[in-house]
Amino acid sequence: MKTNVQWDESVPAGRDFGDRAVVAAYDEQHRRFRDVDGENAAILARLDLPPDAVVGDFGCGTGAFARAFARRCGTVYAIDVSAAMLDFVQWKAREEGLANVVCRQGGFLTYVHDGPPFDAIHSSLALHHLPDFWKQKALDRLAGWLKPGGQFHLMDVVFRTENIDANIEAWIAQTAAQGGPEVGNSIRSHVGREFSTYAWIMEGLLERAGFRIDSADSKGGVLANYYCTKA
Ligand SMILES: C[S@@+](CC[C@H](N)C(=O)[O-])C[C@H]1O[C@@H](n2cnc3c(N)ncnc32)[C@H](O)[C@@H]1O
């Protein structure tokens with residue numbers, strides 16, 4: 001029997017990405033402490049997809065990844081719970097002449113995919129909006145929409161257990177130095193209020209969803225990249 005109890009994805013775990021002012025400021029703020037173009041180039045190189053590939057970007061935000069992939073792939077589904085984020089993605093895609101970005105409002109737990117199965121799914125800094133119980137359900141759903149042998153790239157805040165407190169403090173100090181005190185404070189609030197989890201839990205969740213973890217790296221013991229294949 002399937003439970004009909006559902007997590008409410010419309011309630012933000014941290015910052016309210018439905019707020020248009022937050023959306024407008026997002027890229028400028030993130031580019032102060034992230035090399036977003038470098039991240040996307042590395043993911044593109046690693047996934048090495050054919051030109052007709054169908055790709056999903058879950059929790060796409062302002063769509064930097066979705067738009068970078070749309071320049072190289074067949075179709076990119078940009079999926080997010082926030083209508084304000086998707087309006088921004090649509091506007092940017094139009095401005096950049098990208099007709100192959102399909103914007104769909106929905107969450108990990110509520111999105112219904114009616115297109116072709118994905119060759120690859122990417123998700124960065126979004127899965128931590130769900131508690132672990134719901135992360136498992138989300139990962140099960142993502143695996144179900146991938147082609148057999150399809151690839152999944154996950155980037156998120158994932159904690160290694162060794163030196164955890166020192167690593168968190170170092171991360172807050174580093175992002176504050178790069179992005180200013182409000183960025184440091186947003187990281188502090190993230191750790192205190194959002195649902196980032198431990199690497200050993202995330203890896204168990206991925207494996208139980210039917211993914212083989214091909215590689216895992218950790219930046220500072222707080223940020224992880226997982227490249228996985230649907231087994
Ligand atoms: C920190 S932003 C990350 C955006 C982008 N992926 C990036 O790397 O910059 C988190 C995004 O996840 C979205 N989000 C939050 N909860 C979600 C859910 N349950 N399902 C899908 N997207 C969600 C938010 O609306 C927001 O756009």
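Whatever order the structure lists ligands and atoms in, that order sets their numbers, starting from 1. Everything numeric here is computed off the predicted structure, so don't read it as measured data.
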**Message:** Side chain or backbone, does H30 bring an N or O within less than 3.5 Å of an N or O on ligand 1?
**Reply:** no
**Item:** R31 and ligand 1 - part of the residue with a heavy-atom distance under 4.0 Å
**Value:** neither
**Message:** Quick test of your reading of the model: are R212 and D214 salt-bridged, counting only N-O distances below 4.0 Å?
**Reply:** yes
**Item:** Between D140 and Q136, a side-chain donor and acceptor under 3.5 Å
**Value:** yes
**Message:** Counting non-hydrogen protein atoms only, what is the nearest one to atom 15 (C) of ligand 1? Give residue, atom name and distance.
**Reply:** H129 CG, 3.4 Å
**Request:** Return a yes/no value for I79: is any of its N or O atoms, backbone included, closer than 3.5 angstrom to an N or O of ligand 1?
**Result:** no
**Prompt:** Would you call D37-R31 a salt bridge at under 4.0 Å N-O?
**Reply:** yes
**Request:** Measure S123 to ligand 1 on non-hydrogen atoms and call it side chain, backbone, both or neither using the 4.0 Å cut-off.
**Result:** neither
**Request:** Distance to 0.1 Å, residue and atom name: give those for the protein heavy atom nearest to atom 4 (C) of ligand 1.
**Result:** Y26 OH, 3.3 Å
**Asked** Is it the case that Y111 and Q105 place a side-chain donor and acceptor less than 3.5 Å from each other?
**Response** no
**Message:** Regarding R188 and E169, does a basic nitrogen lie under 4.0 Å from an acidic carboxylate oxygen?
**Reply:** yes
**Request:** Return yes or no for this condition: an N or O of F17 is under 3.5 Å from an N or O of ligand 1.
**Result:** no
**Asked** Should the pair E95-R67 be classified as a salt bridge under the 4.0 Å nitrogen-to-oxygen rule?
**Response** no
**Request:** Count the heavy atoms of every other residue, nucleotide or ligand shown that sit under 6.0 Å from NZ of K137, and state whether that count exceeds 12.
**Result:** no
**Message:** Considering non-hydrogen atoms of the protein only, which is the closest contact for atom 17 (C) of ligand 1, and what is the distance?
**Reply:** V81 CG2, 3.6 Å
**Prompt:** Looking at Y198, does the NZ or CZ of R160 lie under 6.0 angstrom from its six-membered ring centre and within 45 degrees of the ring axis?
**Reply:** no
**Message:** Does any N or O of ligand 1 fall below 3.5 Å from an N or O anywhere on H128, backbone included?
**Reply:** no
**Item:** Protein contact to atom 8 (O) of ligand 1 [nearest heavy atom, distance to 0.1 Å]
**Value:** S124 OG, 2.5 Å
**Asked** Do any N/O atoms on D80 end up under 3.5 angstrom from N/O atoms on ligand 1?
**Response** yes
**Request:** Please report which non-hydrogen protein atom sits nearest to atom 10 (C) of ligand 1, along with the residue it belongs to and the distance in Å to one decimal place.
**Result:** L125 O, 3.3 Å
**Request:** Show which atoms of ligand 1 fall inside a sub-4.0 Å distance from at least one heavy-atom site of E9.
**Result:** 18 (C), 19 (N), 20 (N)
**Prompt:** Any idea which protein heavy atom is nearest atom 22 (N) of ligand 1, and the distance to it?
**Reply:** G59 CA, 3.5 Å
**Fill in**
atom 12 (O) of ligand 1 has as its nearest protein heavy atom A126 CB, 3.6 Å
**Asked** Just checking, any donor-acceptor pair under 3.5 angstrom between side chains of D8 and S10?
**Response** yes
**Numbered atoms of ligand 1 (with element) below 4.0 Å of R34, judged on heavy atoms** = 7 (C), 8 (O), 9 (O)
**Prompt:** Within a radius of less than 6.0 Å around CZ of R208, do more than 12 heavy atoms belonging to other residues, nucleotides or ligands occur?
**Reply:** no
